[in-house]
Amino acid sequence: MWVLLLLIVTVTSIVSGPSCSVNNNPRHIYVPGDIVVGGLFPVYLQVKTNGSTIPPQKTCIDYDVQMFLRSQVMIYAIQEINRSQMLPNVSVGYEIYDTCGDVTNAIRATLSMMEDIQGQGVKPNVTTPHVKVVIGERYSEKSIAVARLLALPLVAQISYSSTSELLSRKCKFPSFLRTVSSDEHQTIAIAELVKHLTWESVGVIGSDDEFGKYGAERLIDHLNDRKLCVDFKEILSANFLLNETRTQTELAMLMSKIRNSSAEAIVIFTAELNVRIILKEVLRMGISRIWIACDTWATNKELSEMPDIQKVGRVFGFIPKRNKVPGFHQYVRDSMFQSKAHNSFIHEFMCHYPPCPDSLVDESVLNCTLPDTKSQSESGGRTCLDRRCLLKYIDKDESYYIYLAVKVIAQGLRSLLNCDNVRCKRNATFAVWELLEELKRVNFIVDNTTHIAFNENGDPTTGYDIVEWNMSVSENRIITVGEYRPDEPIRVREHLIREFENVTVTFANCCKTCNPGYELISKINSCCKECSLCSRGYISTGGGKKCVACHPQREYTSSDKDRCLMKTIEYLGWTDAFTTVLVSFDVLGIVVSLLVAILFAVDRRTPIVKSTGGYLSFLELLSLLACFCCISMFLGEPTKTTCMAGLPLFGMAFTVCVSCILANLLQIFVGFTFDLRVTVGDTLKRLNRPIAVVTCCSAVQVAVCVLWLTYAPPFIVESSRFDEATILLECNKGSKMLFGAMLTYIALLAVVCFLFAFKGKQLPDLYKNASFVSISMMIFLVVWIVFIPVYINMSGKYQRAIEAAAILVSNYSVLCCHFAPKCYIMLFRKELNNENAITNYIRKHYEKKGMAVVSK
C-alpha cells in the first residue's frame with residue numbers, strides 16, 4: 001500500500017516558476033536532531049496544472065510572504081527550545097515542507113516524514129518514523145488527508161489553522177490536536193453575534209471542502225436554532241480560481257444572489273483565495289453589505305488593504321485568541337537571514353524578493369507594498385524589498401498558534417523524557433504514541449499569558465476575538481470589538497449594539513421593527529419582513545413583537561392596538577336617570593297599593609268592596625304589590641337570583657291579579673245575565689267559584705314557571721356585542737319558548753277578561769267595573785304587543801328598563817282602572833257606596849228596558 005501511495009504522488013511531480021526553482025521535489029528544510037519535528041506549510045498557496053504534458057505537471061503559484069514568515073516561526077521556536085533548559089541534553093531538529101496548498105503534496109511530504117532514516121528512506125516505517133510529531137497542515141482538507149496517514153502509527157499532529165469540526169472526531173483522527181479553536185465554537189460564535197446585533201437574515205457562502213461545506217452547514221443549524229432566517233446559501237468550488245470559465249459562472253450566480261438578497265449580513269466560510277475573488281467582484285459590481293469573516297481571512301492584510309476595500313461595506317470577523325510571538329520581530333530583523341545556508345525557504349524568498357541595498361530611509365516612510373510574484377515572473381525582473389518591511393507582515397494569529405504548537409511539543413517531551421533543568425533522565429528513543437499521550441495531557445501557561453490545554457477532542461479551550469476592519473481613508477487596521485468564550489455570553493462593544501438596535505429599515509426596505517399595533521411578518525419565500533396591522537382583539541407594543549390576544553371577556557384593544565384596556569362593566573345602575581324614574585313610579589305604586597289596601601280594609605263591608613270581589617280584592621292587591629316589588633329585580637347589577645326570579649315572579653303574581661279580575665267579572669256576568677241558554681248558564685254558574693277560578697288559572701302559570709326555572713332558567717351573560725369597550729351584564733331568558741308561553745298565558749287571560757268585560761258593559765253595574773276592566777286589559781295587551789318589537793330592537797342596558805317599564809304600565813293599568821274609581825267613590829261619592837243606591841240603579845236600568853222590577 002505504501003509503495004502504491006508513493007507511486008501515486010510521484011507521477012504528479014511539481015515544478016516551480018522558472019526563475020525561482022529549487023528542485024522538482026517538494027521544497028523542504030531539514031535540520032537533524034535527537035528528536036525531529038515535522039512541519040507542513042503552504043508557502044505557495046496553490047498549484048497550477050499543465051494538462052498538455054504527460055504526466056501533467058503542476059506549478060506552485062501565488063507565493064505568500066506571511067506563510068513564509070510562519071514557517072520561520074517554527075524554526076525560531078525550536079531554536080529557542082534548544083537554547084533553553086527545557087530539554088537540557090536533547091536536541092530538537094525539524095523537517096519542514098512547502099505543500100503549495102495541494103493535498104497531493106501534503107501526502108507526499110507526510111510519507112517522506114514517515115520514512116525510517118536508517119532504512120535510507122526506502123519505505124515508510126509505521127512503527128519508528130524518524131519524525132515524532134508534525135505541525136500542520138494549514139487547511140482542514142489537507143489536514144484530514146494527513147491525519148488519516150498519521151493515525152496509522154499514531155504520530156501526533158498539531159494544526160495551527162485547521163478548524164473543521166470533522167477533525168474533532170477522535171474515532172477517525174485519534175492523533176490530531178490543534179492550537180486553534182474548532183469551527184464548532186466559531187459557528188456558534190457567529191450565530192451569537194448575528195443574534196446579538198439584531199441581524200435577522202443572513203446569507204451564507206461556503207466552499208465544497210471539509211472546512212467550507214461542513215462549516216456552512218453547522219452555521220446554518222445554529223442560525224435556525226436561534227430562529228434566524230437564512231436568506232440564501234451558496235457552496236462554491238473548493239478552489240474555483242483554477243478554472244476561469246467555472247469561476248465566472250459561479251461568480252455571476254453568486255453576485256446575482258447577493259444583489260437580490262435581503263440578508264443583513266453575509267458570512268463567507270471559505271479560504272482567503274476564494275474570498276479575494278469574491279471581494280474583487282463585489283467591488284466591481286458596486287455592492288455594499290455587511291460581511292462576516294471566518295478565521296481563515298478575518299485578519300488577512302492583503303484583503304483588508306485592497307484598493308477601495310471600504311466600498312464593500314463593513315467587515316466583522318472571528319479569530320482565535322491572538323498574541324505576538326515573543327522575540328520574533330527581533331529575530332526577523334537581526335538573525336533570520338544569517339541562517340540562510342541551512343534554510344532553502346529563505347533562498348526562495350530572496351529569489352522572489354531580493355534584499356534592497358542598506359538604506360538610511362526611515363522605517364515609517366518605507367514602501368512595503370509587495371509586488372505580484374506572477375507579474376514579476378512574466379516580466380523577468382525582480383523588485384527588491386527592504387527587510388524591515390517583513391515586520392509589517394508578521395501576524396498575531398497563525399504565527400502565535402505555531403509558536404504554541406512548538407511549546408506544547410516541548411512541554412510534552414519534557415514530561416515524557418522526565419527532564420529537569422540539568423538533564424533528561426530518559427533517552428530520545430520512544431514510541432510515537434507515547435509522545436501523543438503526553439501531548440494530550442499538557443496543561444500549562446505559555447509566557448504567563450496564554451493557558452493551553454486540550455479537551456477530549458484534542459481542541460484547545462480558548463475562545464475567539466471579534467474584530468472589525470477599520471477601513472477609514474487614512475489607514476486600514478483591524479480592531480477588536482468583542483470576544484466569545486465557549487459556555488459564556490458573547491461580549492460586544494456597546495456602541496455597536498446601540499448602532500444596530502436603532503436600525504428600523506434595512507437597505508432592502510425590510511422592516512426590523514414596527515410601530516405599536518403592528519407586527520413583523522415574513523414575506524412569502526423571503527427573509528424580508530413587513531409590518532402588518534394586528535387583527536381585531538390583538539395588540540402589539542411595537543418593536544416588531546408578535547400580536548398577542550387580549551382577554552376576550554375582560555379586555556379590549558386601544559384604538560392604536562398598542563395595549564389591552566380593561567372593559568368597563570355596564571348595567572342599569574341605581575344612579576341612572578331612567579332608573580330614578582322607574583324607582584319613583586315603583587315606590588309610588590307600592591305606596592298607592594298599600595293605601596288602597598288600607599282603604600279597602602276600612603270599607604270592607606261596603607257594597608263597593610263587595611262588588612270589586614270582596615276578599616279577592618285583597619288577594620289582587622297583594623299580587624299587584626308583588627308585581628311592583630319585583631321591579632327592583634330589573635334594576636342595578638344583575639345577579640343569579642334576580643335574573644332567575646324577576647320574570648317568573650312577575651308572571652305568577654300578575655297571573656294571580658288577572659285571575660282575581662276574571663273571577664270578579666264572572667260573578668258579575670252570572671249575577672246579571674238572564675237570557676243565557678240553559679246549558680251555558682248552568683256551566684257558568686258551576687264555574688262561578690272565585691277561589692277555584694283563581695287557583696286553577698294561577699296553577700297553570702305556576703306550572704309553566706316551575707318548568708322554566710327547572711330546565712332552562714334565565715341566567716347572567718356578559719356581552720360585548722354592542723361595544724367592545726364594555727361588558728354588558730344582562731339576563732338571558734333561558735328558554736325563549738317558555739318565556740313566550742308565560743306571556744301568552746297572561747295575554748290569554750287578559751283577552752278572556754276583556755271579552756267578559758266587554759260583554760258585561762250592558763249589565764246594570766253602578767261602578768262600571770266592566771268598562772274599566774276592558775280599558776285595563778286593553779292597555780295590558782297593547783303594552784306587551786308593543787314591548788316585543790321594542791325589546792328586540794333595543795340594545796344595551798336599557799333592555800331591562802324596557803321590561804321594568806312594561807311591568808309598571810301593566811301594574812298601573814290595573815291599579816288605575818280597577819281600583820282608582822272605587823277609591824274615588826269611597827272617598828268623594830260616599831252616597832253611591834250603599835245598597836239603596838245600587839238597588840235604585842238596577843231598577844232604573846231594567847225599567848228602561850221595559851222589564852218589571854219587584855221591590856222588597
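- Side-chain N or O atoms of Q186 include one that pairs as donor or acceptor with a backbone N or O of D295 at under 3.5 Å.
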Residues L390, M336; criterion side-chain contact (heavy atoms from CB on, under 4.5 Å); working and verdict: CA-CA 11 Å; L390 286 177; M336 185 175 72; 4.1 Å; yes
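- Minimum interatomic distance between T450 and Y400 (heavy atoms only, all atoms of both residues): OG1-OH, 2.6 Å.
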Derivation and outcome, side-chain contact (heavy atoms from CB on, under 4.5 Å), residues I75 and Y94: CA-CA 8 Å; I75 296 172; Y94 49 86; 3.4 Å; yes
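- Across S182 and D459, no two heavy atoms sit closer than the pair CB-OD2, 3.7 Å.
- With salt bridges taken as basic N to acidic carboxylate O contacts below 4.0 Å, one links D395 and R70.
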Worked check of ring pair (Phe, Tyr, Trp, His ring centres under 6.0 Å) between Y44 and H352: CA-CA 12 Å; Y44 287 89; H352 285 293; 5.7 Å; yes
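- In this structure, the side chain of D208 does not engage the main chain of S237 through any donor-acceptor pair within 3.5 Å.
- Two residues are said to be in side-chain contact when any heavy atoms from C-beta on lie closer than 4.5 Å; H28 and I96 fail this criterion.
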Salt bridge (charged side-chain N to carboxylate O under 4.0 Å, His left out) between R276 and D62, worked out: CA-CA 12 Å; R276 186 183 308 168; D62 211 349; 3.7 Å; yes
From CA spacing to verdict: side-chain contact (heavy atoms from CB on, under 4.5 Å), S262, S526: CA-CA 8 Å; S262 62; S526 173; 4.2 Å; yes
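- In terms of heavy-atom proximity, A147 sits nearest to F173 at CB-CD2, 3.6 Å.
- D98 places a side-chain N or O within 3.5 Å of a backbone atom of V43 that can act as its donor or acceptor partner.
- D183 and T187 share no donor-acceptor pair across their side chains, judged by distance under 3.5 Å alone.
- When each of S159, S161, S168 is paired with R178, the side-chain hydrogen bond (donor to acceptor under 3.5 Å, both in side chains) condition holds for S168 and for no other.
- Within 6.0 Å of CD on E499 lie more than 12 heavy atoms contributed by other residues, nucleotides or ligands.
- Two rings, from Y353 and F349, have their centers less than 6.0 Å apart.
- Residues Q157 and F176 have side chains in contact (heavy-atom distance under 4.5 Å, counting atoms from C-beta outward).
- Judged purely by atom type and a 3.5 angstrom limit, D64 uses its side chain to pair as donor or acceptor with the backbone of Q66.
- A salt bridge does not link E200 to K512: none of the charged nitrogens lies less than 4.0 Å from a carboxylate oxygen.
- In this structure, a donor-acceptor pair under 3.5 Å is absent between the side chains of E398 and Y403.
- Closest non-hydrogen pair, R259 versus M285, comes out as NH2-O, 3.0 Å.
- At least one side-chain heavy atom of D465 sits under 4.5 Å from a side-chain heavy atom of T480.
- Of all heavy-atom pairs spanning L236 and I205, the tightest one is CD1-CG2, 3.8 Å.
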Test log, rule side-chain contact (heavy atoms from CB on, under 4.5 Å), inputs F316 and V467: CA-CA 6 Å; F316 294 89; V467 297; over 6 Å; no
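- Between Y160 and F41, the ring-plane angle classifies as parallel under the 30° and 60° cut-offs.
- Within the 3.5 Å criterion, the main-chain N or O of V332 finds no donor-acceptor partner in the side chain of S335.
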Test log, rule salt bridge (charged side-chain N to carboxylate O under 4.0 Å, His left out), inputs E272 and R138: CA-CA 12 Å; E272 68 267 26; R138 186 187 189 200; 2.8 Å; yes
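- Of the options T270, V315, N274, a side chain to side chain contact (heavy atoms under 4.5 Å, CB included) to W297 is made by V315 and by none of the others.
- Side-chain atoms of K48 never come within 3.5 Å of backbone atoms of C60 as a donor-acceptor pair (strictly under, hydrogens ignored).
- Side-chain contact check for L40 versus K142: every heavy-atom pair is 4.5 Å or farther apart.
- Under the 4.5 Å side-chain criterion, counting only non-hydrogen atoms from C-beta, N323 is not in contact with L404.
- In this pair, F500 and W199 present their aromatic rings perpendicular. The plane angle is above 60°, beyond the 30 to 60° band.
- No salt bridge links K195 with E192; every basic N to acidic carboxylate O contact stays at or beyond 4.0 Å.
- Ion pairing between E483 and R493 fails under the 4.0 Å rule for side-chain N and carboxylate O.
- For the pair I78 and V37, the minimum side-chain heavy-atom distance is below 4.5 Å.
- Note on ring orientation: taking the six-membered ring where Trp is involved, the planes of F318 and Y464 are perpendicular (angle over 60°, cut-offs 30° and 60°).
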Pair D231-S261, side-chain hydrogen bond (donor to acceptor under 3.5 Å, both in side chains): steps then yes or no: CA-CA 7 Å; D231 193 74; S261 168; 2.7 Å; yes
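- Salt-bridge check for R218 with E184: failed, with every basic side-chain N at 4.0 Å or more from each acidic carboxylate O.
- Pairing each heavy atom of L45 with each of P42, the nearest pair is CD2-O, 3.6 Å.
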Working for side-chain hydrogen bond (donor to acceptor under 3.5 Å, both in side chains), residues T110 and Y97: CA-CA 9 Å; T110 304; Y97 286 85; over 6 Å; no
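- The SG atoms of C229 and C527 lie less than 2.5 Å from each other.
- A salt bridge does not link R108 to D102: none of the charged nitrogens lies less than 4.0 Å from a carboxylate oxygen.
- Note: Y76 and Y331 have tilted aromatic rings, judged against thresholds of 30 and 60 degrees for the angle between ring planes.
- Looking at L391 and H329, their side chains come closer than 4.5 Å, going by heavy atoms from C-beta outward.
- Remark: the S140 side chain and the S164 side chain contain no N/O donor-acceptor pair separated by less than 3.5 Å.
- One N or O on the side chain of W469 and one on the backbone of A298 form a donor-acceptor pair closer than 3.5 Å.
- Here the CD1 atom belonging to I107 is positioned 11.0 Å from the CD atom belonging to E137, to the nearest 0.5 angstrom.
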